[in-house]
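So the structure is just underneath, and the comments pick up after that.
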Amino acid sequence: MRLLSFLLIGAALLPARPLLVISIDGLDHRYLRDADKLGLKIPNLRKLVKDGSWADGGVVGVVPTVTFPSHTSIITGVRPDQHGILNNNRPKEDGGERYFFASFLKVPTLADAAKKAGMKVGGVHWPVTVDSKSFDWDFPEHFKKRQGAGMDWAATVEKSTPGLIEKMTAKYPSMAIEWIDDRIRALATIYLLKYEKPDLLLLHLIDHDSEAHETGPFSVHAKAMVERTDELLGDILAAKPADMAVALVSDHGFERFDEVVNIRTLVKGNLNVSRTMVTTDDPVALDGLRALRTAREIPAGEWRRFFPDTPKPLGAFETPPHQLFAVDAAAPANAKVLHGDHGLWPLRPDYRSTFVLWTPGGKAVRLGEVDMLSLAGRLAQVLNVDFGKEQKVQ
C-alpha cells in the first residue's frame, strides 16, 4: 500500500502533457512482438516501441473482445457490464442499432475528466462519442452504410461538431469522398493537431480490422495494411506538437479460423452456443463437452475475473484453435472457411491487444502483460487528471 501511494503521489507531481491516443483496430500484439519474423516495414511503430513503455506481453482485454466495448473500457477503466457498452450493437429488443451515442455510457470517460479539468478534447472516429458534451471537436464514428472499413461520409458529417467539416475540408479538400477510410481519418487528425491543438485527442483507425477479417491476421494483405497504417502514422506524428505524448492502443487481438463446427452435432444435451464459446447447465452436455478434449474449459477463477457478478454456468468452453462454433443449430457438422475474427475469451494463449506509451524524453520500459482496465489510469497520469480511485494504475 505504501508503494502504491508513493507511485500515485509521484505520478501527480509529473507535469501534464497533451496526449494523442491512437487505436489501430485489431492490432494484435504479435504484429509488434514478431515484427522481424513477419518482415514488417513499420518504422514509426518500431520507434514508439523502441523508445516507449511497451506492454511486450500484450494486453488482456475485456469480455466481449470486440470494438465498442473494448474502446470504452480503454477510456473508462471499467468492464463493459459497468460502463454499459455491452457489444458493438445494442440488443435486438432495444432496437439493435450501434452503440454510437455517449448517452449510453453509465460512467465518466477520460474525455469527461479532461474536459472537467479545463482541457480541450478532440475525437476522430472514436466509438461512443456522438453527442458527447466533452468533445470540443468531434469527427465521430457514425455510419448508416458500410463498405468494408469505409463509412459513409454523410452520416459522419451529420453528427460532427458544427462547423468542423467546413474548416477541415477548406484545408484538405480531398477529404470529402463518399467512403471514409483511414486516410480521411488521418487527415482529420492532422487538421486538429495543427490548427486546433487539443490537449487530448482520441483517434480510431479501422482499415486493418477489415482486412484481417477478410483474409486473416498476419496474411500478406493484413501485413500490407499494417504497413499502410504505419505510413499514415508517420504523417500524424510529424504534425503533432513536440511536447505531445502518444499512446498506441488496440481493442482486441485477432485469430485465423479455418473451420466452423456445429458443436450440437457432437454433444447431446442443452447447449448455449455463440461463435466463440459454448456454455451449459446440463450435466449430460458437460460430460459430452469434456469428452471431446478439444474445446478448453474455462476455470471458475477466470470466469470470476471477467464476470464477478454473474454466476458461472456448470460448464463454459472456448473454441478450439482455428475453429468457430456454428450458432445455427441446422448448420452442417463442419464447414471450411478462411476468416479472421475476434470476440474470443481474453485469456486465450497469445490473443492479446497492444499498448505503447511514448513521451518526449521518456525512457524505454518493458511492462510485460497488462490488463486493459489499467490503461485509463495510465493515460490519466499523462494528462495529470484525477480519474477516480478505480482507474489508478495498480
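Hydrogens, waters and symmetry mates play no part in the numbers below; they use all other heavy atoms, side chains included.
Heavy-atom neighbours of Lys312 NZ from other residues, nucleotides or ligands within 6.0 Å: above the threshold of 12. Heavy-atom contacts from other residues, nucleotides or ligands closer than 6.0 Å to NZ of Lys120 number 12 or fewer. Within a 6.0 Å radius of CZ in Arg293, no more than 12 heavy atoms belonging to other residues, nucleotides or ligands are found. At most 12 heavy atoms of other shown residues, nucleotides or ligands fall within 6.0 angstrom of atom CD in Glu214. For Arg304, the CZ atom is loosely surrounded, since the number of other residues' heavy atoms within 6.0 Å does not exceed 12. Heavy-atom neighbours of Asn270 CG from other residues, nucleotides or ligands within 6.0 Å: at or below the threshold of 12.
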Item to complete: Mind running ring-ring contact (aromatic ring centres under 6.0 Å, His included) on Tyr99 and Phe68 for me, showing each step along the way?
Response: CA-CA 7 Å; Tyr99 279 101; Phe68 275 47; 7.6 Å; no
Practice prompt. Please report the C-alpha distance between Asp207 and Ser210 in whole Å, then the side-chain angles of each, then the deciding distance to 0.1 Å, and finally whether the side-chain hydrogen bond (donor to acceptor under 3.5 Å, both in side chains) criterion is met.
Written response: CA-CA 5 Å; Asp207 288 352; Ser210 179; over 6 Å; no
Worksheet item: Thr189 and Arg185: side-chain hydrogen bond (donor to acceptor under 3.5 Å, both in side chains), yes or no, with the steps?
Response: CA-CA 6 Å; Thr189 303; Arg185 298 177 186 107; over 6 Å; no
Practice prompt. Starting from the C-alpha separation in whole Å, work towards a yes-or-no answer on side-chain hydrogen bond (donor to acceptor under 3.5 Å, both in side chains) for Asp350 and His29.
Written response: CA-CA 8 Å; Asp350 235 6; His29 83 113; 3.2 Å; yes
Practice prompt. Show the numbers, then the answer: is there a side-chain hydrogen bond (donor to acceptor under 3.5 Å, both in side chains) between Ser134 and Asp112?
Written response: CA-CA 5 Å; Ser134 292; Asp112 299 327; 2.6 Å; yes
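Looking at Leu286 and Glu297, their side chains come closer than 4.5 Å, going by heavy atoms from C-beta outward. Ile24 is listed as a side-chain neighbour of Leu248, based on a closest heavy-atom distance under 4.5 Å. Between Ser353 and Val249, the closest side-chain pair of non-hydrogen atoms is not below 4.5 Å. The shortest side-chain heavy-atom distance between Asp309 and Asp81 falls under the 4.5 Å cut-off. Pro346 has its side chain out of reach of Val62: every pair of non-hydrogen atoms, C-beta onward, lies at least 4.5 Å apart. Side-chain contact between Ile165 and Phe139 is present, with at least one heavy-atom pair separated by less than 4.5 Å. Put simply, the side chain of Asp235 does not reach to within 4.5 Å of the side chain of Leu187, judged on heavy atoms.
Side-chain atoms of Asn262 and Thr265 include no donor-acceptor pair closer than 3.5 Å. In the model, His142 has no side-chain atom that pairs as donor or acceptor with a side-chain atom of His125 under 3.5 Å. Judged by distance alone, the side chains of Arg183 and Ser174 do bring a donor and an acceptor atom under 3.5 Å apart. Under 3.5 Å, the side chains of Tyr351 and Glu255 contain no donor-acceptor pair of N or O atoms. Neither side chain, Arg348 nor Thr65, offers a donor N or O lying under 3.5 Å from an acceptor on the other. In this structure, a donor-acceptor pair under 3.5 Å is present between the side chains of His204 and Glu141.
Under the side-chain hydrogen bond (donor to acceptor under 3.5 Å, both in side chains) rule, His252 has a single partner from Asp341, Asp28, Asp25, which is Asp25.
Not counting sequence neighbours, the partners of Glu231 by the salt bridge (charged side-chain N to carboxylate O under 4.0 Å, His left out) test are Arg228.
Taking CZ from Phe135 and OG from Ser160, the interatomic distance works out to 12.0 Å, rounded to the nearest 0.5 Å. With rounding to the nearest 0.5 angstrom, the OG atom of Ser219 is 10.0 Å from the CE atom of Met225. In this structure, the separation between CD1 on Ile85 and CZ on Arg90 is 9.0 Å, given to the nearest 0.5 Å. For the atom pair NZ of Lys223 and OH of Tyr31, the computed distance is 8.5 Å after rounding to the nearest 0.5 Å.
Ring geometry for Phe306 versus Trp345: interplanar angle over 60°, hence perpendicular rather than tilted (30 to 60°). Using bins of under 30°, 30° to 60° and over 60° for the plane-to-plane angle, the ring pair Phe254/His208 lands in the perpendicular bin.
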